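The next block holds one structure in the form of structure tokens; read it before the comments.
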Amino acid sequence: MKIQEIVALIDAEVKSGSDKLEEEVSSAFGSDMMSEVLAYVQNQGVLLTGLVNEQIIRTAAMMNMYCIIMVRGKQPTDNMVEMAEDNDLVLLTTERTLYETSGILYTNGLNPAGHSYV
Amino acid sequence: MSDIIQLHYDVDGTDFAAAGEASMKIKKELRSLGFPQDVIRRIAIAVYEGEINMVIHADGGTADVNVGLDEIEIILADTGPGIPDVEKAMQKGWSTASEEVRNSGFGAGMGLPNMKKNTDEMVIDTEVGVGTTIRMKVYVA
Ligand SMILES: Nc1ncnc2c1ncn2[C@@H]1O[C@H](COP(=O)(O)OP(=O)(O)OP(=O)(O)O)[C@@H](O)[C@H]1O
Ligand SMILES: [Mg+2]
């Protein structure tokens, strides 16, 4: 799925990386606990979260993810937007909840993918 | 083992927003040196978890990286409170993190086991009231 399709499906606003909406992503992970993201994510391209701080950007960057979706109408700070740009990440916001956003994307073919914590 | 390069970073214990900056720099450095993506990713995760720990559980510290051709060694050192029971601390889900830390997205008790999982060697040297030093190695296959 192209990131552009995600934007349309969840009525997202693009906060950073508007030049990268043609990138393809195939799977996603949702959590407000960044240490869970760091432990469970294998090669998911998209992070869905309701957490608002710099660490969501760093976590996604460490995991080589492509896109962060901030749910429940959460807004990034200017510093977070700048960090996302610096790390080539697409940063999206949506008014929808984590559950709703996940449901829409799952139904449209974005996979949970392999997450194995050993 | 001959080192190509040695890196040193100070980790500020008072600035949660800046936690992870050293890990980010290390990741970029290793990428520019051309290490395999998998090696870089494992190191990035392990150092980032360790750096966050130094900020949320200690008063910051230092991160040293000895980059060799066959292996990369990372030494994270702090002069924080130390870990009273390392065996417990290594268990998944065991955490002493405050509510505030949990609300910041950390404190699931996953960091240390995840550092172990992502490295080929990990040794914790800790003493209550003195500090904690964690040495990790990742082999470059
Ligand atoms: N550098 C340190 N100094 C003192 N105590 C530490 C340090 N690192 C870890 N600990 C102790 O070990 C426990 C387990 O650490 P671990 O990283 O596994 O989990 P956490 O930091 O609590 O949560 P998470 O890593 O999921 O955010 C911590 O809660 C803390 O009590
Ligand atoms: Mg931790």
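Numbered from 1 within each chain, the chains take letters A, B, ... in sequence-line order. Predicted model, so just to flag it, every value in this text is computed and none were measured.
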Quiz item: Taking it one step at a time, do Met24(B) and Met62(A) satisfy side chain to side chain contact (heavy atoms under 4.5 Å, CB included)?
Solution: CA-CA 7 Å; Met24(B) 207 67 125; Met62(A) 293 302 167; 3.7 Å; yes
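No continuous path of ILVMFWY side-chain contacts below 4.5 Å connects Met115(B) to Ile75(B), so the two sit in separate hydrophobic clusters. Linking ILVMFWY side-chain heavy atoms closer than 4.5 Å, directly or via other members, places Met34(A) and Tyr40(A) in a single hydrophobic cluster. Neither Ile3(A) nor Met65(A) shares a network with the other; the hydrophobic side chains, linked directly or stepwise wherever heavy atoms of I, L, V, M, F, W or Y lie under 4.5 Å apart, form separate groups for each. Each of Ile56(A) and Val14(A) belongs to its own hydrophobic cluster when Ile, Leu, Val, Met, Phe, Trp and Tyr are linked at side-chain heavy-atom distances under 4.5 angstrom. A continuous path of Ile, Leu, Val, Met, Phe, Trp and Tyr side chains, each step under 4.5 Å between heavy atoms, connects Leu21(A) with Ile6(A), placing both in one hydrophobic cluster.
Arg58(A) places a side-chain N or O within 3.5 Å of a backbone atom of Ala19(B) that can act as its donor or acceptor partner. Looking only at distances, a side-chain donor or acceptor of Gln55(A) sits under 3.5 Å from a matching main-chain atom of Phe16(B). No donor-acceptor pair under 3.5 Å is formed between the side chain of Asn53(A) and the backbone N or O of Ala17(B).
Only the side chain of Ile52(B) comes within contact range of chain A, judged by heavy atoms closer than 4.5 Å. For chain A, the nearby part of Arg31(B) is the side chain; its heavy atoms alone come within less than 4.5 Å. Only the backbone of Asp32(A) comes within contact range of chain B, judged by heavy atoms closer than 4.5 Å. Interface residue Thr59(A): backbone and side-chain heavy atoms are both found under 4.5 Å from chain B. Of the two parts of Met63(A), the backbone and the side chain both hold a non-hydrogen atom closer than 4.5 Å to a non-hydrogen atom of chain B. Only the side chain of Leu51(A) comes within contact range of chain B, with heavy atoms under 4.5 Å apart. Residue contact with chain A, scored on non-hydrogen atoms closer than 4.5 Å, involves the backbone and the side chain of Phe106(B) alike.
The number of heavy-atom neighbours closer than 6.0 Å to OH of Tyr66(A), taken from other residues, nucleotides and ligands shown, is 12 or below. The local environment of CD in Gln37(B) is sparse, with at most 12 non-hydrogen atoms from other residues, nucleotides or ligands closer than 6.0 Å. Counting heavy atoms of neighbouring residues, nucleotides and ligands inside a 6.0 Å radius, atom OH of Tyr99(A) does not exceed 12 of them. Residue-environment remark: NZ (Lys28(B)) exceeds the threshold of 12 foreign heavy atoms within 6.0 Å. More than 12 non-hydrogen atoms from other residues, nucleotides or ligands lie less than 6.0 angstrom from NZ of Lys20(A).
Between Lys27(B) and Asn87(A), the side chains place no donor N or O within less than 3.5 Å of an acceptor N or O (distance only, hydrogens not considered).
Here the closest heavy-atom approach between residue Asn114(B) and residue Leu38(A) is recorded as ND2-O, 2.8 Å. Listed here is the closest heavy atom pair of Asn43(A) and Arg41(B): N-NH2, 4.4 Å. Pairing each heavy atom of Ser35(A) with each of Ala108(B), the nearest pair is OG-CB, 3.4 Å.
Contacts with chain A (heavy atom to heavy atom, under 4.5 Å) involve these residues of residues 97-104 of chain B, listed by number: Arg102(B), Asn103(B), Ser104(B).
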